[in-house]
Amino acid sequence: MPTFEQFKLPDAGEGLTEAEIVQWHVAVGDEVTVNQTIVEIETAKSLVELPSPYTGVVAELLVAEGDTVEVGVPIIVVDTDPSGASSAGAPAAEPAAGEASGSGAVLVGYGVAEQASARRPRRGSAASSAGPTTEPTSPVAAPAAPVAAPAAAAPARPAPSGPIRALVSAATAGRTVLAKPPVRKLARDLGVELASVPATGPGGIITREDVLAYSARSEPRTLATYAGDDSPWLNDAGTGSSVTPDGRQTRVPVKSVRKRTAEAMVQSAFTAPHVTEFHTVDVTKTMKLVAKLREDREFKDVRVTPLLITARALLLAVRRHPDINASWDEAAQEIVYKHYVNLGIAAATPRGLVVPNIKDAHRLDLKGLAQGLSDLTATARAGRTTPADMSDGTITITNVGVFGIDTGTPILNPGEAAILAFGAIREQPWVHKGKIKKRWVTQLALSFDHRLVDGALGAYVLSDVAKILEDPAQALVWG
């Protein structure tokens, strides 16, 4: 007799209370094994692949792609004894003794929030088109009519538009552009400047996909300004958006990473008194070092950019001024000084702003740091950044220069005392050794929590970063 087991949505990390079903990897009737990936979900922090806790045959999918589900709600039914060999024929089992209940199962290493918040399902999804989603019921003896497997994946989400705070990539100015002739022709046809395109190919080469992705992000979009417009701006079922009857507005639910980012930024802006200091720097020697490292055999398998040298400079500045590597514990009324550096890199992705960090970055040599940046970038672009990747950051860099932006006043990542903005590198007239010469110049901006960091400490840290970018040999003295 068949034995049916329900798999309830677990807490994917840090007490999150809900998640969106992005894509099912199985359909009704498929055989599954323990630890096989069955579904991809999106939390407020990341995309997570959930493994099956059972071996058997999929009997029912209880929720559709695009639905937002609270932690603890059953999402799939698996027949663990399809041949009927077992004598146990009871309905879907309730949680065993010692298993989490209430808000549901828990992934290893994470707790469960006490309360869950309601979220509406994505517009246009299979479930929402039939009316409000109801609480799934437990199957008995035999499963209810199976939910049909999705015919196709959800529509691709639009690339981000408007001002974007940060992206993990190389500074565009002065960079050696590597691209094959067909890719260069494509860039010319699309009006794309190759020096501005972040490269993802081996050895830092720009691929056709890189050019197309950059062109899509840069393409202007037309606002709907009249009723009856058949293609209004941002009218994409994949975002759950809706257009007002007069066609003059598009409304998109705030959810997932965007919602989490907004909450974090509001918390940071209104709890930590921000102060920002600026420094304009001649980085000509850094650009020469980057060119040499790109030719070095030791660095042939990793991507070398000015961001790498900036990250190394910040780590050395933190070593010289460890008070900058701190956080404010409001509940305990204590200042917490970290004995380690988890270096955050702010990254703009199609899902919103995320800030993953390189764990124990202070222990890495230059090549190890370069590899850490490459891995972090690839993971963020693929949307695979996990909650663990973004937790326990101690200080952050935001690379606004990739968008041609000179500088800005970055907002602190919550729980950190400082964030460094790295601007675009440009050739400019500069007084060098008493003469006006053409030099590579950039601007740095350091925002810090004035409860923890006074103006002098901030100036010392910013000055140390600038000194290494002006003359990378200084790192040998301090390193």
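- Closest of all the heavy-atom pairs between Thr276 and Gly408 is CG2-O, 4.3 Å.
- With hydrogens and angles ignored, the 3.5 Å screen pairs no side-chain donor or acceptor of Lys437 with any backbone N or O of Pro429.
- Between the side chain of Arg184 and the backbone N or O of Ala179, at least one donor-acceptor pair lies under 3.5 Å.
- Nearest heavy atoms, Ala380 versus Thr385: CA-OG1, 3.4 Å.
- Note that NE2 of His362 is 10.5 Å distant from NE2 of His339, once rounded to the nearest 0.5 Å.
- Here the CD atom belonging to Gln443 is positioned 9.0 Å from the CZ atom belonging to Arg426, to the nearest 0.5 angstrom.
- A 4.5 Å side-chain heavy-atom check between Asp406 and Thr442 finds every atom pair outside the cut-off.
- Considering only heavy atoms from C-beta on, Thr407 stays 4.5 Å or farther from Val400 through its side chain.
- Legend: ring pair (Phe, Tyr, Trp, His ring centres under 6.0 Å) pairs involving residues 277-318, not counting sequence neighbours: none detected.
- Considering only heavy atoms from C-beta on, Leu289 comes within 4.5 Å of Ile309 through its side chain.
- The line from OG of Ser447 to CG of Leu412 is 6.0 Å long, rounded to the nearest 0.5 Å.
- Judged by distance alone, the side chains of Thr200 and Asp210 do bring a donor and an acceptor atom under 3.5 Å apart.
- Using modelled atom types, one finds a donor on one side chain and an acceptor on the other under 3.5 Å when comparing Gln371 with Asp375.
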query: Run the side-chain contact (heavy atoms from CB on, under 4.5 Å) check on Leu373 and Ile345 step by step: do they pass?
result: CA-CA 8 Å; Leu373 285 171; Ile345 305 294; 3.8 Å; yes
task: Apply the test side-chain contact (heavy atoms from CB on, under 4.5 Å) to residues Ile38 and His25: give CA-CA distance (whole Å), side-chain angles for both, the deciding distance (0.1 Å), then the verdict.
output: CA-CA 5 Å; Ile38 57 174; His25 292 281; 5.6 Å; no
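- No hydrogens or angles considered: nothing links the side chains of Arg303 and Ser374 as a donor-acceptor pair under 3.5 Å.
- Residues passing the salt bridge (Lys or Arg N to Asp or Glu O under 4.0 Å) test with Asp389, sequence neighbours excluded: none.
- By the 4.0 Å N-to-carboxylate-O rule, Asp392 lies too far from Lys359 to be salt-bridged with it.
- Between the side chain of Asn357 and the main chain of Ser391, a donor-acceptor pair closer than 3.5 Å is present.
- Residue Leu364 holds its CG atom at 9.5 Å from CG of Leu343, rounded to the nearest 0.5 Å.
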field: Step-by-step side-chain contact (heavy atoms from CB on, under 4.5 Å) determination, Leu316 to Arg319
entry: CA-CA 5 Å; Leu316 288 174; Arg319 178 188 298 181; 4.2 Å; yes
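- Of the charged side-chain nitrogens involved, none lies within less than 4.0 Å of a carboxylate oxygen, so that Glu295 and Lys300 do not count as a salt-bridged pair.
- In this structure, the side chains of Tyr337 and Pro322 stay at 4.5 Å or more apart for every pair of heavy atoms.
- Electrostatic pairing of Glu193 and Arg188 does not count as a salt bridge here, judged by no charged N lying under 4.0 Å from a carboxylate O.
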- prompt: After noting the C-alpha distance and the side-chain angles of Ile206 and Leu178, does the key distance pass the side-chain contact (heavy atoms from CB on, under 4.5 Å) rule?
  reply: CA-CA 6 Å; Ile206 297 175; Leu178 303 177; 6.0 Å; no
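- In this structure, the side chains of Val354 and Met390 come closer than 4.5 Å at one or more pairs of heavy atoms.
- Residues Ile335 and Trp328 have side chains in contact (heavy-atom distance under 4.5 Å, counting atoms from C-beta outward).
- With rounding to the nearest 0.5 angstrom, the OG1 atom of Thr68 is 8.5 Å from the CD1 atom of Ile21.
- Side chain to side chain, Thr396 and Glu416 meet the donor-acceptor criterion of an N or O pair below 3.5 Å.
- Counting only heavy atoms from C-beta outward, the side chains of Arg363 and Asp360 approach each other to under 4.5 Å.
- One distance of note links CG of Asp67 with CD1 of Ile75; it measures 11.0 Å at 0.5 Å rounding.
- Salt-bridge check for Asp449 with Arg451: passed, with a basic side-chain N closer than 4.0 Å to an acidic carboxylate O.
- Using a 4.5 Å heavy-atom cutoff, the side chains of Leu9 and Ile41 are in contact.
- The two residues Gly372 and Ile358 make their nearest non-hydrogen contact at C-CD1, 3.8 Å.
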Mind listing the side-chain donor-acceptor pairs of residues 454-474 below 3.5 Å, one per line with the distance, residues two or more places apart or on another chain?
from: Asp454; atom 1: OD1; to: Ala456; atom 2: N; distance (Å): 3.3
from: Asp454; atom 1: OD1; to: Leu457; atom 2: N; distance (Å): 2.9
from: Asp464; atom 1: OD2; to: Arg320; atom 2: NE; distance (Å): 2.7
from: Asp464; atom 1: OD2; to: His321; atom 2: NE2; distance (Å): 2.9
from: Asp471; atom 1: OD1; to: Ala473; atom 2: N; distance (Å): 3.3

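- Taking all atoms of both residues into account, the shortest heavy-atom contact from Thr305 to Arg294 is CA-NH2, 4.1 Å.
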Thr394 and Asn342: CA distance, side-chain angles, deciding distance, side chain to side chain donor-acceptor pair (under 3.5 Å) verdict: CA-CA 5 Å; Thr394 63; Asn342 289 344; 5.9 Å; no
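- Leu50 and Pro10 make their closest contact through CD1-CD, 3.8 Å (heavy atoms, listed as atom of the first residue, atom of the second, distance).
- Nearest heavy-atom pair, Trp440 versus Asp282, reported as atom, atom and distance to 0.1 Å: O-OD1, 3.2 Å.
- Around the CG atom of Leu476, the shell of radius 6.0 Å holds more than 12 heavy atoms that belong to other residues, nucleotides or ligands.
- Panel note: side chain His432, backbone Lys435; no donor-acceptor pair is recorded below 3.5 Å.
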